[in-house]
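Start at 1 with the first residue, then count along the sequence.
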Amino acid sequence: MTKRNILAALLVAGVLSVMGDSKHTSYAKEEMKVELHALETLPKNLTGQISRVCQSQYQAKREEVLEQIRFREEEAKKAAEEAARQERISLEKLMASIIFCEAGNQSHEGQVAVGAVIMNRVRDGAFPDTVEEVVYQSGQFGPVATGWLDKVRSTDGYTEAAMQAARDVLAGANPIGNCLYFDQGGYGMQIGAHYFH
């Protein structure tokens, strides 16, 4: 039964009512009851269908959004990992460069010892909190003042031995305890040409 049929039945009922034919009017009213019943049940059927369609579309959209979230989270994770990797490489290169400039002609232990002084300073409250700030603190390291450190850094001019010492230091190697200074011909723990105190 369609809405068009219902309207037609209503029209017939109205006309026959005006004409006074009770037999036809009664028939039309019965038809109308059937049509109205169909009309009343139609929204319920449609509601169920619409509900199922909406739920299906909602689930599909939800999965699409979740997939986008997972993709973005994975991309953010990759970006964070890459940023951390680049920061670690930059730190290793800086440490290798200052070790090369200050102790490039020393043994592995001597090179690690110089790097350990820098790390001890990073951890000490009397000095800056980062390797770069410690290295570039005014008046602390000769190669910074002369510009040699920056030349080595700009050309990756350190040796592989200095890079290995830098990696070992950054991994926690420390043959000098809590020493914060080193020099030549001074006092303290001697490793190669340097005295650590």
Is Lys61 salt-bridged to Glu64, cutoff N-O under 4.0 Å?
-> yes

Would you check, one step at a time, whether the test side chain to side chain donor-acceptor pair (under 3.5 Å) holds for Glu82 with Gln86?
-> CA-CA 6 Å; Glu82 178 59 20; Gln86 291 297 332; 2.7 Å; yes

Rounded to the nearest 0.5 Å, what's the gap from CD1 on Ile69 to CZ on Arg62? Could you check?
-> 9.5 Å

Determine, for Arg72 against Glu75, whether the closest basic-nitrogen to carboxylate-oxygen distance falls under 4.0 angstrom.
-> no

Val112 reachable from Val131 in the ILVMFWY side-chain graph, under 4.5 Å edges | yes

Do side-chain atoms of Gln106 reach the backbone of Gln111 as a donor and acceptor pair under 3.5 angstrom?
-> no

Does Trp148 belong to the same Ile/Leu/Val/Met/Phe/Trp/Tyr cluster as Val117, with side-chain heavy atoms less than 4.5 Å apart forming each link?
-> no

Do Thr155 and Lys151 have side chains that get closer than 4.5 Å, going by heavy atoms?
-> no

Provide the closest heavy-atom pair for Phe196 versus Val114 in the form atom of the first, atom of the second, distance.
-> CE2-N, 3.9 Å

Is it true that Glu67 and Arg70 make a salt bridge, defined as a side-chain N closer than 4.0 Å to a carboxylate O?
-> yes

Heavy-atom side-chain contact between Asn120 and Ile176 under 4.5 Å | yes

Check whether any side-chain heavy atom of His197 lies under 4.5 Å from a side-chain heavy atom of Met189, and answer yes or no.
-> no

Using a 3.5 Å cut-off and no angle test, enumerate the donor-acceptor pairs between side-chain atoms of residues 90-98 and protein atoms at least two apart in sequence or in another chain.
residue, atom, partner, partner atom, Å
Ser97, OG, Lys93, O, 2.8

Would you give me the side-chain donor-acceptor pairs under 3.5 Å for residues 135-142, sequence neighbours excluded?
residue, atom, partner, partner atom, Å
Tyr136, OH, Asp150, OD1, 2.4
Tyr136, OH, Arg153, NH1, 3.1
Gln140, OE1, Arg121, NH1, 2.8

Is the closest side-chain heavy-atom distance between Met119 and Leu170 below 4.5 Å?
-> yes

Would one find more than 12 heavy atoms of other residues, nucleotides or ligands at under 6.0 Å from atom CG of Asp183?
-> yes

Of all heavy-atom pairs between Tyr195 and Gly188, which one has the smallest distance, and what is that distance?
-> CD2-O, 3.7 Å

To the nearest 0.5 Å, what is the distance between CD (Glu73) and CG (Leu66)?
-> 9.5 Å

Considering all heavy atoms, the nearest Ala116-Ala173 contact = CB-O, 4.3 Å

Same cluster (ILVMFWY, side-chain, under 4.5 Å), Leu149 and Phe182 | yes

